[in-house]
Each structure stands twice: as structure tokens, then as C-alpha cells.
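Note sheet for the following structure.
What you see is a predicted model; the values in this text were computed from it and never measured. The basis for the numbers below is simple: all heavy atoms, side chains too, and nothing from hydrogens, waters or symmetry mates.
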Amino acid sequence: MNNFLIKIIVLSVLSGAASGLSSAQSINCSPHLPPKAVQSSAYCSAGDDDLFAVAHMLGWVASENSASVCQGYYTEPLLIMKDTELQHARDTRIRTDKASFYTEGGQSVLRGNVIIEQQGQRINASSIRIFRDPNSQQVTTIDLEGDVLLRQPGRLLTAKKAHLDLTNKTGALFDSHYRMALSDKHSVNDGIQTLYGMNGQGHAEQIDILSPELIVMRNATYSTCPILNNSWKIVARELTLDKARGRAKAKGAKFMVGNTPLVHFPTIDYPIDDRRDSGFLLPNLSENTHSGVDITLPYYINLAPNYDATLFPRYLTKRGFMPGAELRYLDRYNHLLIRGEYLDHDAEFVRFKNANGITEQESNHRGGITIVDDGELSPHWSYNLHYSSVTDDYFFIDFHKHLTDATDNQLLQMGRINYHDTHWTAYAQIQRYQTLHPVTIAPLTDIYSRYPEVALFGDYPNQFLDTHWSLRANYNHFVWPDQTRMMRPNAVRYVVSPRFSWPFERDGAYFTPGVVLHYSDYRLHNALVPVAHTTVPIFSLDTGLQLEKNIETASHSFTQTLEPRLFYLNAPFEDQSRIPIFDSSLSTVSYTHLRAHETPEHL
């Protein structure tokens with residue numbers, strides 16, 4: 001009878017081992033109970049002691065250093081039987097710490113701390129009644145009583161009593177606590193899995209296991225918080241958890257924060273893992289003196305695996321209804337995001353303008369739009385479209401207070417086409433910024449528009465005699481965006497910068513002289529001088545050593561390296577004070593800055 005294996009083992013720690021714990025790992029339910037209290041029973045006496053015992057039994061480990069927002073994680077033992085006794089899925093091994101095995105009318109009864117093991121399943125209880133097929137003698141069903149614990153991969157259930165079908169891995173548990181992993185994020189160390197992903201846990205008067213992926217619970221609770229800190233939970237008359245679909249369905253449910261019910265649902269269907277599905281997201285509720293009560297109720301629409309949409313209707317009691325939407329699209333060659341929001345008439349904005357004497361913001365219709373589209377047209381061609389715009393200078397202040405950085409008031413509007421191959425990189429773009437000037441923050445300076453900019457970079461290493469040749473060229477048409485606010489000159493600028501270097505490399509040493517001729521030409525409008533140009537020769541020398549030493553010890557071998565390096569750069573002074581500043585700024589002198597003339601962006 002290879003399919004029914006019974007071993008009677010007198011070993012008191014087996015009950016703890018079945019729950020993934022050893023006597024050395026036991027903890028107190030409370031400071032007033034000795035560790036022995038947890039080992040001898042699945043439940044402590046009452047109140048918080050019960051919660052500590054159940055949390056410990058479910059494998060919860062509190063840790064302030066955990067990356068999880070729950071400040072802890074769950075652990076469970078691996079359910080991989082390495083011995084040859086459980087090679088087949090229906091093979092069963094039974095162990096107990098007391099030799100109290102006997103039969104009653106063809107039924108087998110074990111008393112004491114009993115453990116039943118199958119491939120991918122482990123069960124233990126104080127008392128087990130076993131039913132076998134009369135012909136094959138295989139275990140078919142079992143009845144369990146007292147400290148019942150059922151462990152399957154990613155799932156742990158405890159109960160006062162249970163009835164299980166070992167053939168189909170179905171059954172029913174009564175007065176049960178449960179924990180089930182909702183994702184497969186874990187690590188393994190010494191046969192113990194640490195579950196870093198989301199876990200669902202709760203209690204039910206009855207749990208019906210219909211399949212390994214489907215369970216139905218009666219008078220149940222559900223939460224993804226740890227049992228010791230149920231900041232929220234769903235309480236339901238009937239709760240179905242379908243792990244295959246990644247969904248849960250609750251009937252006669254209420255959503256509770258702490259012990260306070262917030263919302264009642266006759267029926268609610270919600271996700272229990274990270275698979276995307278349509279439905280309401282968490283609402284956003286706030287209040288301030290300028291907008292009144294501000295509530296947003298986002299609704300997510302899962303249109304397809306590679307694109308989705310989110311509607312976020314928003315209502316501000318002092319301003320009105322402000323609908324918004326966001327669309328996202330992603331495939332192998334393209335990434336697109338479109339987001340917009342609009343408020344038809346803002347009465348509060350009218351009062352604000354009248355109170356502060358603001359006349360340049362004529363419209364009382366308010367809104368904003370953002371478009372981000374990055375795509376690849378072919379192996380050599382790609383494009384970028386980034387466009388953001390709002391109706392007025394105070395849009396972010398009134399509707400997105402978390403955007404307070406100065407850069408949040410410089411909205412990029414750019415279209416760009418790119419080309420690259422083995423030796424050449426080029427792009428052409430049109431770029432401008434919408435600069436916001438609210439009176440409530442420090443003034444910001446506008447940024448020159450580029451109508452257009454064209455850049456070219458060529459690179460030819462390892463040429464004749466190992467020489468290295470490169471070329472950088474750039475064309476810019478700078479246009480000041482608002483001549484009514486501040487008069488600034490416009491200009492056309494040409495930059496050409498050929499570079500030559502000659503690397504010499506030997507074992508452990510290198511020596512690379514280089515020379516760059518940087519030429520720039522400006523055609524200026526509304527400036528003191530109509531034409532300006534500069535020619536700057538730049539000489540550089542890069543040399544160094546690469547020294548290595550192998551070191552052997554009794555148990556390790558490693559290589560020690562020493563790489564002294566000397567870089568010299570000489571660029572003669574050129575007075576450019578007569579040329580207006582278009583896109584330059586002061587840079588901190590650093591090694592990276594000294595080599596900036598070698599990069600494609602430095603044109």
C-alpha cells in the first residue's frame with residue numbers, strides 16, 4: 001500500500017513544525033503569558049491575546065525595517081517533499097506525537113498532535129478521523145477537530161474543526177482564520193519563504209473550499225492589513241475569493257475603517273491582486289478656504305492590456321464641477337499619455353481677480369492639457385511630442401497645490417524628430433515654454449523659444465593610425481516669447497565644433513592628446529551689434545596608468561587596482577560679453593564640466 005503511509009512519531013515539536021514554527025520561534029500572546037501558552041494552543045485566553053496568537057500562527061513577523069507599508073511580512077515553510085515517499089499527488093503521510101492510532105468500523109482515528117502531508121499540502125489537528133477507499137485503501141476524506149491548521153502554497157487556514165476531501169483538495173472549515181498570498185513576491189532562506197507581496201487575511205464562521213483557487217466564506221471579514229492593525233476591513237454575509245480571476249465578491253457587505261462602518265453594499269466586486277480591472281479608485285477629499293470642499297471620485301477603465309483610461313470627476317463647492325480624464329497607451333514602439341481637465345465657469349476666480357486688480361486673465365473658463373507621445377518610427381528614426389498648457393497663471397495654485405516647484409510653472413511644448421545610426425546622431429525640434437506668472441510667488445523669467453533647432457553629431461573612432469574624429473554642429477533660431485512683458489533680442493546662431501584626438505594605448509598606460517575648434521556665429525535682431533562670432537581652439541591631454549596586483553589569501557583571491565589619471569584642458573579667454581545670453585548659464589567647475597565639449601549635447 002504505497003499510497004497510504006502511516007508513521008507514528010513521538011515528537012512534540014511536530015505540531016509547531018506544521019505551522020512553520022519551532023519552539024525556539026514561539027512568542028508570547030501578551031507580556032503576561034509565557035511562551036508555552038502559544039505552543040499548547042492555537043488561541044490565547046481572550047481579547048488581544050487572541051490576536052497575537054492568531055497573527056503568530058498565520059506567520060506574521062512585525063518589522064519596522066520592512067519595506068512594506070504594513071511594517072512587517074508573512075513567512076511560511078516550503079511545501080516541497082524531497083523524500084521518495086510522496087512522489088505521487090495522492091500519496092499521503094500521517095504523523096503524530098502520540099501512539100493513539102486505532103480503527104472504529106473501518107475508520108481510522110488519531111489523537112494527539114497529528115500531521116497529514118501530501119505534495120503541496122500539510123494539515124495538523126488535535127484529533128483526526130480518517131476515511132479510506134475500501135478497495136484501494138487510499139485516504140479519501142478526513143474530519144478534524146481541535147487547533148486545525150491547513151497549509152497550501154500561499155494559503156494558510158486555521159479552524160476549530162474541519163471536513164476535508166484530500167482527493168480533490170476541497171472541504172469546509174468552521175470558526176476559521178485565514179491568510180492567502182495575492183502575489184508571488186517572495187524570497188527563500190533555509191526552507192522558509194518570506195512573502196513580500198500583498199496578503200489577504202480575515203476570519204469566517206465557515207469556509208468552503210470549492211477548489212484550490214476558489215473559496216466561499218460565510219459571515220466573514222477581509223483585509224490586506226496585518227491582523228494586529230486592521231485599519232480597514234470588509235465585513236460580509238458571504239465572501240467569495242477567486243484567486244484564478246483575481247477578484248472577490250461580497251454580499252451583504254460593509255466597508256469599515258477601524259470599528260466604524262462607512263459604506264454598506266448589497267453586493268460588491270473588487271480586485272484582490274495587482275491585475276488591472278475597471279472600477280472606482282480611492283476618492284480624494286480635501287477642504288480649503290479658496291475652493292471649499294474638494295472631492296474627486298476617479299473611475300478606472302481597463303480597455304485593453306496595453307491601453308486604459310481614467311475618468312476623474314471633481315467637484316469643488318466654491319468653484320463648480322470640473323471633469324477630467326487620462327488616457328494611456330503603450331506598445332513596443334510607442335508610449336502615449338493624454339490628460340485634460342476643464343472647469344466651465346469659476347466664480348471664485350472672478351472674485352479673486354476683482355479683489356487683486358488682475359486684468360490680463362480675461363477668461364473665467366479654466367483647464368489644462370498634457371500630451372506626452374514618444375515613439376519609434378524605424379530602427380533609425382524616432383520622435384517626441386511633449387505638450388503641456390493651462391488657461392491661466394493660477395491654475396496649479398488653485399487646483400494642484402502639490403506642484404509648487406518653479407519648474408512646475410515652466411510648461412514644455414516641444415515636437416522633435418530624431419535620427420541615429422552607427423556614426424551619426426541628429427535631431428530637429430521646435431520648442432517653447434509657457435511660463436506662468438502668478439503674483440503670489442517670486443517672478444519667473446521667460447525662456448527663449450527655438451523656432452527651430454537642428455543638431456548634428458558625427459563620431460568616427462578607430463580611423464587611420466587609430467585616430468578619432470568627430471563633428472558637432474548646431475543651428476538655433478531664438479525667439480523671445482513675450483516682447484510686451486520684457487524686450488529681449490532675437491537671434492540665429494550657428495555652431496560648428498570639429499574635434500580630433502589621437503589615443504596611444506599600451507599595457508597599463510594610455511596617452512590621448514586632442515584638439516577642438518569651436519566656432520559660433522550670431523545674427524542678432526534688436527541688439528547692440530547685428531553680427532557676432534567667436535573662434536576658440538581647445539587643447540586637451542588625457543593620460544593615466546592602470547596598475548593591477550593579484551593578491552592571494554588562504555580562502556580568497558582578489559585583484560587590487562590603482563588608476564592614477566591626469567587630464568589637462570586649455571581654452572583661451574574670449575570676451576563674449578557683447579553677445580546676449582540665450583541658453584547659457586553658470587556651471588560648477590568639475591571634471592564632467594571640463595569634458596563637456598566631448599558630449600553630443602554640448603553643441
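Under the 30°/60° scheme for interplanar angles, the aromatic rings of Y519 and H533 are found to be tilted. Taking the six-membered ring where tryptophan is involved, the planes of Y448 and F478 are perpendicular, since the angle between them exceeds 60° and thus also 30°. Ring planes of F352 and Y394: perpendicular class, angle over 60° (limits at 30 and 60°).
Of the possible donor and acceptor atoms, none in the side chain of D542 sits under 3.5 Å from a partner among the backbone N and O of F567. A donor-acceptor pair is defined here as one N or O able to donate and one able to accept, closer than 3.5 Å; no such pair exists between the side chain of N356 and the backbone of I358. Under a 3.5 Å cut-off, the side chain of R276 and the backbone N or O of P305 do form a donor-acceptor pair. Between the S223 side chain and the W232 main chain, a donor and an acceptor come within less than 3.5 Å of each other. At least one donor-acceptor pair under 3.5 Å links the side chain of S278 to the backbone N or O of N302. Under a 3.5 Å cut-off, the side chain of D346 and the backbone N or O of G320 do not form any donor-acceptor pair. In terms of modelled atom types and a separation under 3.5 Å, the side chain of T543 and the main chain of Y510 share a donor-acceptor contact.
Atom OH of Y433 and atom OG of S449 lie 10.0 Å apart (nearest 0.5 Å). To the nearest 0.5 Å, atoms CZ (R506) and CG (L545) are separated by 14.0 Å. Atoms CG and CZ, from L471 and F457 in turn, are 9.0 Å apart once rounded to the nearest 0.5 Å. How far CE of M256 is from NZ of K233: 5.5 Å, rounded to the nearest 0.5 Å. Considering CZ of R450 and CG of D583, their distance stands at 4.5 Å, rounded to 0.5 Å. Distance OG1/T224 to CD/Q201: 8.5 Å, rounded to 0.5 Å.
With contacts defined as side-chain heavy-atom distances shorter than 4.5 Å, the pair N364/K353 qualifies. When side chains are defined from C-beta on, F395 counts as touching E341, because their heavy atoms get closer than 4.5 Å. A 4.5 Å side-chain heavy-atom check between W480 and P489 finds every atom pair outside the cut-off. You'll find the side chain of I397 stays beyond 4.5 Å of the side chain of H290, heavy atoms only. Considering only heavy atoms from C-beta on, W424 comes within 4.5 Å of Y460 through its side chain. For the pair D393 and V439, the minimum side-chain heavy-atom distance is 4.5 Å or more. Taking 4.5 Å as the limit, some side-chain heavy atom of P580 sits within range of a side-chain heavy atom of L524. Contact check for Y419 versus I417: no side-chain heavy atoms found under the 4.5 Å cut-off.
In this structure, R366 is positioned above the aromatic face of F349, its NZ or CZ under 6.0 Å from the six-membered ring centre and within 45° of the axis.
Judged as a salt bridge (Lys or Arg N to Asp or Glu O under 4.0 Å), and not counting sequence neighbours, the contacts of D294 are R314. Legend: residues meeting ring pair (Phe, Tyr, Trp, His ring centres under 6.0 Å) with F504, ordered by chain and number and at least two apart, are W502. Residues satisfying the side-chain contact (heavy atoms from CB on, under 4.5 Å) criterion with S555, sequence neighbours excluded, are T553. Taking T561 as the reference, E548, T559 meet the side-chain contact (heavy atoms from CB on, under 4.5 Å) condition, with sequence neighbours excluded. By the salt bridge (Lys or Arg N to Asp or Glu O under 4.0 Å) test, D269 pairs with R247, sequence neighbours left out. Every residue meeting the salt bridge (Lys or Arg N to Asp or Glu O under 4.0 Å) condition with E326, not counting sequence neighbours, appears here in chain and number order: R339.
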- Item | D521 vs V496, side chain to side chain contact (heavy atoms under 4.5 Å, CB included): CA-CA, chis, key distance, verdict | CA-CA 9 Å; D521 181 273; V496 179; over 6 Å; no
- Query: Where do D446 and R488 land on the salt bridge (charged side-chain N to carboxylate O under 4.0 Å, His left out) test, with the steps shown first?
  - Reply: CA-CA 10 Å; D446 290 342; R488 285 287 184 90; over 6 Å; no
- Message: Checking L541 against F511 for the side chain to side chain contact (heavy atoms under 4.5 Å, CB included) test, could you report, in this order, the C-alpha distance in whole Å, the side-chain angles of both residues, the deciding distance, and whether it holds?
- Response: CA-CA 7 Å; L541 178 63; F511 179 83; 3.4 Å; yes
- Evaluation steps, side chain to side chain contact (heavy atoms under 4.5 Å, CB included), between N306 and Y329: CA-CA 6 Å; N306 65 321; Y329 176 86; 3.5 Å; yes
- Message: Working note: S497 + V516, criterion side chain to side chain contact (heavy atoms under 4.5 Å, CB included); need CA distance, chi angles, decisive distance, verdict.
- Response: CA-CA 7 Å; S497 181; V516 177; 3.2 Å; yes
- Message: Is there a side chain to side chain donor-acceptor pair (under 3.5 Å) between H468 and D459? Walk through the geometry before answering.
- Response: CA-CA 8 Å; H468 187 166; D459 188 42; 2.5 Å; yes
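With 3.5 Å as the limit, one finds a donor-acceptor pair spanning the side chains of Y300 and D308. Side-chain atoms of N474 and R472 form no donor-acceptor pair, as typed in the model, at a separation below 3.5 Å. In the model, D374 has a side-chain atom that pairs as donor or acceptor with a side-chain atom of N384 under 3.5 Å. Checking D373 against N334 by side-chain atom types alone, a donor-acceptor pair falls below 3.5 Å. Looking at E574 and H518, their side chains never bring a donor and an acceptor atom within 3.5 Å of each other. Counted by atom type alone, N476 and Y522 present zero donor-acceptor pairs between their side chains at under 3.5 Å. A donor-acceptor contact closer than 3.5 angstrom links the side chains of R319 and S291.
A pairwise comparison of heavy atoms in L436 and V390 identifies CD2-CG2, 3.8 Å as the closest pair. When all heavy atoms are compared, the tightest approach of P503 to D466 is CD-O, 3.2 Å. Residues T289 and E287 share a closest heavy-atom pair of N-OE2, 4.4 Å. Nearest heavy-atom pair, M414 versus L412, reported as atom, atom and distance to 0.1 Å: CB-CD1, 3.8 Å. Nearest heavy-atom pair, G415 versus L385, reported as atom, atom and distance to 0.1 Å: CA-CD1, 4.3 Å. Residues S557 and E552 approach most closely at CB-OE1, 3.0 Å, considering heavy atoms.
At most 12 heavy atoms of other shown residues, nucleotides or ligands fall within 6.0 angstrom of atom CG in L528. More than 12 heavy atoms of other shown residues, nucleotides or ligands fall within 6.0 angstrom of atom NE2 in H525.
Exactly one of T296, L281, N284 qualifies for a side-chain contact (heavy atoms from CB on, under 4.5 Å) with F312. That residue is T296.
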